[in-house]
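Here is how names work: the chains are called A, B, and so on, in the same order as the sequence lines, proteins then strands, and each is numbered from 1. Just so it is clear, the values below take in all heavy atoms, side chains as well, and ignore hydrogens, waters and symmetry mates.
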Amino acid sequence: MDFRILSKDPETKARTGLLELAHGKVETPVFIPVGTAATVKGVHQRELAGDLNVSLILGNTYHLYLRPGIDTIRMAGGLHRFMNWERSILTDSGGYQVFSLAAQRKLTEDGATFQSHIDGSRHFFTPENIIDYQRAIGADIIMAFDECAPYPCEPDYAKKSMELTHRWLDRGVKHFNETDPVYGFQQMLFPIVQGSIYPDLRKMSAEKIASAGMGGNAIGGLSVGEPEEDMYTMVELSTSILPETKPRYLMGVGTPVNILESVALGIDLFDCVIPTRNGRNGMLFTSEGIINIKNEKWKDDFTPVDPAGNSFADTQYSRAYLRHLIISKEILGAQIATIHNLGFYFWLMSEIREQISNGGFRLWKEQMKKKLSKRL
RNA sequence: GGGGAGAUACCAAAGUGGCCAACUGGGGCAGACUGUAAAUCUGCUGGCUGAUGCCUUCGUAGGUUCGAAUCCUGCUCUCCCCA
């Protein structure tokens with residue numbers, strides 16, 4: 001468990017680093033593909049570890065708890081073995097599901113009562129049992145149980161929600177320190193900054209999270225519908241307080257432009273469903289801009305998806321073919337689109353690291369922003 | 001040769017006197033998607049129009065009616081059964 005900063009950009013708060021986890025080293029800034037249910041949808045592990053060279057993926061405690069169930073994962077010997085993934089894993093605590101499945105949950109001081117979205121059965125999550133579940137899942141990085149406040153959110157509710165998250169954090173940290181890893185390797189626990197879009201709350205929360213003294217820190221409750229400018233303001237405020245020597249994880253973000261901006265504000269880790277989900281739905285990110293591959297204009301375009309791309313999705317398939325697959329709802333279409341988008345995101349992250357190292361990040365970022373947000 | 005059924009928009013298929021430019025599904029076109037209840041969801045899909053509205057449409061030619069995709073007659077075509 002170690003985080004070393006390798007280079008710093010002189011003009012922004014961007015930095016490159018190396019995060020050493022129990023299952024390998026992670027170069028930061030890094031993008032973490034989302035694999036909620038023990039799979040990055042549509043991409044097999046050989047591809048992830050192979051051409052895409054993914055070092056860290058994300059799983060979700062809520063989903064894995066419901067299906068296949070914690071016991072099954074424990075019997076398998078942990079999530080790494082269960083899904084045959086030898087590199088690193090981060091699990092989200094289920095805090096986001098408290099938000100996204102709001103209609104079926106009830107919060108109390110003690111924890112959150114849920115109804116399963118699968119069969120309606122009732123379940124109870126607490127800061128403590130979420131630690132136990134994540135011990136049993138065995139991710140390298142586990143997340144504290146938080147409430148991701150909705151947007152918009154009244155200041156009063158945001159404050160109460162944040163304070164609850166802070167009390168939950170104390171209980172979670174205590175339980176984390178009192179329990180041992182199940183599989184013989186160290187796990188890191190990341191606490192999560194909340195506070196909606198209110199600067200005073202965010203500041204308070206960042207201070208609380210920093211004081212927990214964990215190996216890394218996360219910023220949550222953003223990209224839930226607020227204006228992007230508010231998001232950047234909250235990120236900047238948070239990173240100015242969270243310790244520079246520890247990795248900072250911006251949860252659930254984002255678009256390529258979001259990532260460029262947030263790296264400049266001092267973020268090291270990102271996860272987002274955009275490249276995978278939007279890819280399955282036909283939205284492709286390229287070095288020249290965004291393509292909706294379902295549009296008729298690509299029907300007879302036999303050029304590569306991204307002429308500058310180097311994943312096999314770019315070098316071996318044409319836009320016309322991929323359009324046909326997506327339009328026909330062929331499974332291969334979703335697979336190729338996902339691999340392409342992840343390939344693009346990883347290319348972007350590697351460029352970011354390169355530009356930070358060589359000192360040209362800020363200027364390069366401004367040029368890239370224009371290109372990447374363009375609709376082709 | 002005899003008997004029966006039917007022809008509706010790109011396709012399939014509802015509608016059987018006014019609430020019909022016409023249900024619904026598919027297809028097509030476009031949009032959305034940010035710690036994944038998502039290989040999902042939304043809108044549009046005769047023409048002109050920002051909307052109201054106007055114009056042309058339910059095989060075809062006529063007719064009945066204030067009013068027809070719907071009722072009547074001729075014609076054309078398709079399908080099924082029997083010989």
Determine the interatomic distance between [atom1] on [N] and the same-named atom on [M]; round to the nearest Å.
N	M	atom1	value
B:U24	B:A14	P	15 Å
B:G53	B:G59	C1'	31 Å
B:C77	B:G43	P	44 Å
B:U56	B:C23	C1'	22 Å
B:C71	B:C81	C1'	29 Å
B:U57	B:C20	C1'	11 Å
B:C41	B:U78	C1'	40 Å
B:C80	B:C72	P	26 Å

What does [X] touch in the nucleic acid at a heavy-atom separation under 4.0 angstrom: a base, only the sugar-phosphate, or nothing?
X	answer
A:Met283	base
A:Gln194	base
A:Arg105	nothing
A:Asn278	base
A:Asn258	base

Checking contacts here: which listed nucleotide ([options]) is nearest the side-chain heavy atoms of [X]?
X	options	value
A:Leu58	B:G35, B:C29, B:C33	B:G35
A:Ser223	B:U34, B:G35, B:U36	B:U34
A:Ile274	B:U34, B:C29, B:U36	B:U34
A:Ser93	B:U34, B:G35, B:U36	B:G35
A:Cys272	B:G35, B:U40, B:A39	B:G35
A:His63	B:A37, B:A39, B:G35	B:A37
A:Glu228	B:C29, B:U40, B:U34	B:U34

Exercise for the section: Report, as yes or no, whether the 6.0 Å neighbourhood of atom CD on A:Glu27 holds more than 12 heavy atoms from other residues, nucleotides or ligands. Expected result: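 Counting other residues, nucleotides and ligands, CD of A:Glu27 stays at 12 neighbours or fewer.
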
Give a yes/no answer on whether the side chain of [X] brings an N or O atom under 4.0 Å of OP1 or OP2 in [N].
X	N	result
A:Asn295	B:A30	yes
A:Asn281	B:A38	no
A:Gln335	B:A39	no
A:Arg375	B:A30	no
A:Gln97	B:U36	yes
A:Ser100	B:A37	yes

Practice task
Classify the ring geometry between A:Phe114 and A:Tyr62 as parallel (under 30°), tilted (30 to 60°) or perpendicular (over 60°).
Solution key: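 If you compare the ring of A:Phe114 with that of A:Tyr62, the planes turn out tilted.
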
Scan every strand shown for a Watson-Crick or G-U wobble partner of [N], both distances under 3.5 Å, and answer none if you come up empty.
N	answer
B:G1	B:C82
B:A32	B:U40
B:C10	B:G26
B:U60	B:G74

Practice task
Answer yes or no: side-chain N or O of A:Asn292 and base N or O of B:G31 forming a donor-acceptor pair under 3.5 Å.
Solution key: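 In this structure, the two groups form no donor-acceptor pair.
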
Handout entry: Side-chain-base donor-acceptor pair under 3.5 Å for A:Thr276 and B:U36
Key =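 Yes, a donor-acceptor pair under 3.5 Å.
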
Exercise for the section: Tell me, with the steps shown, if A:Asp140 and A:Met188 meet side-chain contact (heavy atoms from CB on, under 4.5 Å). Expected result: CA-CA 6 Å; A:Asp140 300 82; A:Met188 300 175 85; over 6 Å; no

Rounded to whole angstroms, how far apart are [atom1] on [X] and [atom2] on [N]?
X	N	atom1	atom2	result
A:Arg277	B:G31	CZ	P	18 Å
A:Tyr96	B:A38	OH	P	12 Å
A:Ile293	B:A39	CD1	P	19 Å

Practice task
Between A:Asp146 and A:Ile331, name the one whose nearest nucleotide on RNA chain B is closer to the 5' end.
Solution key: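 Going by which nucleotide is closer to the 5' end, it is A:Asp146.
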
Handout entry: Test side chain to side chain donor-acceptor pair (under 3.5 Å) applied to A:Asp71 - qualifying residues, sequence neighbours left out
Key =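 A:Asp71 satisfies side chain to side chain donor-acceptor pair (under 3.5 Å) with A:Arg74 once adjacent residues are dropped.
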
Handout entry: Ring centre gap for A:Tyr65 and A:Phe125 strictly below 6.0 Å
Key =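 Under 6.0 Å, so yes.
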
Exercise for the section: Measure from the ring center of A:His23 to the ring center of A:Phe185 and say whether it is less than 6.0 Å. Expected result: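 Centroid distance A:His23-A:Phe185: below 6.0 Å, so yes.
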
